[in-house]
2 protein chains.
Amino acid sequence: MKLTSKGRYAVMALVDLARFDNINPVSLRDISLRQGISLDYLEQIFSKLKKDQIVKSIRGTQGGYVLSKKPNEIKLTNIFHAVDEKVKTVQCKKESKKGCNGKATKCVTHNLWDELETHINTFFEKKSLEDLLKNNTEQRA
Amino acid sequence: MKLTSKGRYAVMALVDLARFDNINPVSLRDISLRQGISLDYLEQIFSKLKKDQIVKSIRGTQGGYVLSKKPNEIKLTNIFHAVDEKVKTVQCKKESKKGCNGKATKCVTHNLWDELETHINTFFEKKSLEDLLKNNTEQRA
DNA sequence: ACTATACTTGACCAATTTAGTCAGGTATGT
DNA sequence: ACATACCTGACTAAATTGGTCAAGTATAGT
Ligand code: FES
Ligand code: FES
């Protein structure tokens, strides 16, 4: 089970954005430089974040991105959903009654993986961008 | 974040084994048929489980595999460790002081991913094979 | 009006990982 | 002897990841 860079980068970038967008929009170039993430890759990520209305874009010189909501309203769940970083523990179709290897019934471990998925998602639903900002300033103090 | 088949199959196979090894060793062929997992793939998995002393093997006709420990002593952690299904949320080296993109310090989200990793591992440390057996017989009742 | 900045879109790709298969072995109970 | 079933290592097709590249479009400042 591993977290992909896309998910990790999305959160890194948004924390960066949240810290610097107080006055002006933040350009992806700045985030790219500060966080060491490829600019081209960031553009892909932000187009998805925009589609889910987590950020707003301002074009032109001095343009950039701004958060659409307050940091405490942006949960990790929302971010991950936007960039298609989903937790997937089972292989069987969720809706179907069929099991994972084409069996007629759900396999012996199906419930376990469901529990696991819930367990992980709970974490993502609790954590907001604000939590991360707090954590970060505490560290610097 | 997704669970690989190897990890899922390992647990499925061990639950199956735990349910049927009361009297005789269980052959991989039986597990393969019951669980719908490729025999060749199961062999790879069981060689790892054996290396970590989760199962014992008995060769020859009427041979097969047996659990080395009681179901309540086998945690998911042990199983996953054996088959190299590890939880990996950060890209940076754990021991190194350096961050994930070659930066001099840990990135703004490092602590978060660490927390996440702990959160997931806690689940794996709590759950034992026995829990799964119980769950399964309850379902059948 | 021009230009630099910065968002926008879509195609493309190399490297890695996954989820196996295949081909041979070796040990052992009957 | 022979069938069963473990054992070992090499190999591979397909998917995923983590990007790059190219060609735009919109806007602020001069
Ligand atoms: S995981 Fe859903 S049936 Fe096996
Ligand atoms: S995840 Fe460890 S430094 Fe970024």
Side-chain angles (χ1 to χ4, degrees), chain A residues 1-10 12-13 17 20-21 24-51 54-66 68 80 83-91 100-102, chain B residues 1-10 12-13 17 20-21 24-51 54-66 68 80 83-91 100-102:
Chain A
M1 305 205 73
K2 67 168 174 254
L3 191 67
T4 64
S5 306
K6 193 178 282 186
R8 201 170 26 238
Y9 287 170
M12 280 172 74
L17 182 55
F20 290 97
D21 83 342
N24 300 313
V26 180
S27 74
L28 292 189
R29 209 178 69 92
D30 286 354
I31 297 180
S32 166
L33 290 173
R34 275 194 296 260
Q35 304 298 330
I37 303 168
S38 144
L39 176 59
D40 285 317
Y41 202 23
L42 272 180
E43 284 174 341
Q44 282 183 43
I45 293 172
F46 271 76
S47 93
K48 296 189 180 213
L49 292 174
K50 188 188 171 186
K51 201 183 296 170
I54 291 169
V55 295
K56 277 183 294 199
S57 67
I58 292 133
R59 299 181 77 149
T61 319
Q62 304 300 328
Y65 284 94
V66 190
S68 305
F80 279 1
V83 299
D84 307 309
E85 171 85 39
K86 37 180 167 274
V87 178
K88 201 170 174 238
T89 57
V90 296
Q91 200 162 24
C100 48
N101 291 320
Chain B
M1 301 207 76
K2 68 169 173 251
L3 192 65
T4 65
S5 307
K6 191 178 283 187
R8 201 172 25 238
Y9 287 169
M12 281 172 74
L17 183 55
F20 291 96
D21 83 342
N24 299 314
V26 179
S27 73
L28 292 190
R29 208 179 69 91
D30 287 355
I31 298 180
S32 164
L33 291 173
R34 275 195 295 260
Q35 304 300 329
I37 303 168
S38 144
L39 176 58
D40 285 316
Y41 202 22
L42 272 180
E43 284 176 340
Q44 284 181 41
I45 293 171
F46 271 76
S47 92
K48 295 189 183 218
L49 292 174
K50 189 188 170 187
K51 202 182 295 170
I54 290 169
V55 296
K56 276 183 294 199
S57 68
I58 292 131
R59 300 182 75 148
T61 318
Q62 304 300 326
Y65 285 94
V66 189
S68 305
F80 279 0
V83 299
D84 308 310
E85 172 85 39
K86 36 182 168 275
V87 178
K88 204 174 171 233
T89 57
V90 295
Q91 200 162 24
C100 47
N101 290 320

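Labels below follow one simple rule: chain letters A, B, ... track the order of the sequence lines, proteins then strands, and each chain is numbered from 1. No hydrogens, no waters, no symmetry mates; every other heavy atom, side chains included, goes into these values.
Residues that satisfy the side chain to side chain contact (heavy atoms under 4.5 Å, CB included) test with A:Asp30, not counting sequence neighbours, are A:Val26, A:Ser27, A:Arg34. Listed by chain and residue number, nothing satisfies the side-chain hydrogen bond (donor to acceptor under 3.5 Å, both in side chains) test with A:Ser5 (two or more places apart in sequence, or in another chain). The side chain to side chain contact (heavy atoms under 4.5 Å, CB included) check on A:Leu33 picks up A:Arg29, with sequence neighbours excluded. Residues that satisfy the side chain to side chain contact (heavy atoms under 4.5 Å, CB included) test with A:Gln44, not counting sequence neighbours, are A:Tyr41. Applying the salt bridge (charged side-chain N to carboxylate O under 4.0 Å, His left out) rule to A:Lys48 yields the partners A:Asp84; only residues at least two apart in sequence or on another chain are considered. Every side-chain hydrogen bond (donor to acceptor under 3.5 Å, both in side chains) that B:Lys50 has, sequence neighbours left out, goes to B:Ser57. With sequence neighbours left out, A:Lys56 forms a side chain to side chain contact (heavy atoms under 4.5 Å, CB included) with A:Ser68.
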Please list, pair by pair, any protein nitrogen or oxygen found under 3.5 Å from a nitrogen or oxygen in nucleotides 14-19 of chain D.
| unit_1 | atom_1 | unit_2 | atom_2 | d |
| --- | --- | --- | --- | --- |
| D:dG18 | OP1 | A:Ser5 | OG | 3.2 |
| D:dG18 | OP2 | A:Ser5 | N | 3.0 |
| D:dG19 | OP2 | A:Tyr9 | OH | 2.9 |
| D:dG19 | N7 | A:Gln44 | NE2 | 3.4 |

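In this structure, the CD1 atom of A:Ile58 is 16 Å from the C1' atom of D:dT25, given to the nearest Å. Put simply, CD on A:Glu43 is 16 Å from P on D:dG24, counting in whole angstrom units. The interatomic distance linking B:Arg59 (CZ) with D:dC6 (P) rounds to 10 Å, in whole Å. Following rounding to the nearest Å, B:Arg29 (CZ) and D:dC7 (P) show an atom-to-atom distance of 17 Å. If you take CD1 of B:Ile45 and P of D:dC6, they are 14 Å apart, rounded to a whole angstrom. In this structure, B:Leu39 atom CG and D:dT8 atom P are separated by 15 Å, rounded to whole Å.
Considering only heavy atoms from C-beta on, B:Ile31 stays 4.5 Å or farther from B:Tyr9 through its side chain.
Residue A:Tyr65 is the one, among B:Gly60 and A:Tyr65, whose nearest nucleotide of DNA chain C lies closer to the 5' end (criterion: closest heavy atom).
Counting non-hydrogen atoms under 4.0 angstrom, B:Phe46 reaches nothing in the nucleic acid. B:Val55 comes within 4.0 angstrom of nothing in the nucleic acid, heavy atoms only.
A distance-only check finds no donor-acceptor pair linking the side chain of B:Asp21 to the backbone of B:Tyr65 [under 3.5 Å].
Under 4.0 angstrom from either OP1 or OP2 of D:dT4 there lies no side-chain N or O belonging to B:Ser27.
Interface limits on DNA chain C: the 5'-most and 3'-most nucleotides within less than 4.0 Å of chain B heavy atoms are C:dT18 to C:dG29.
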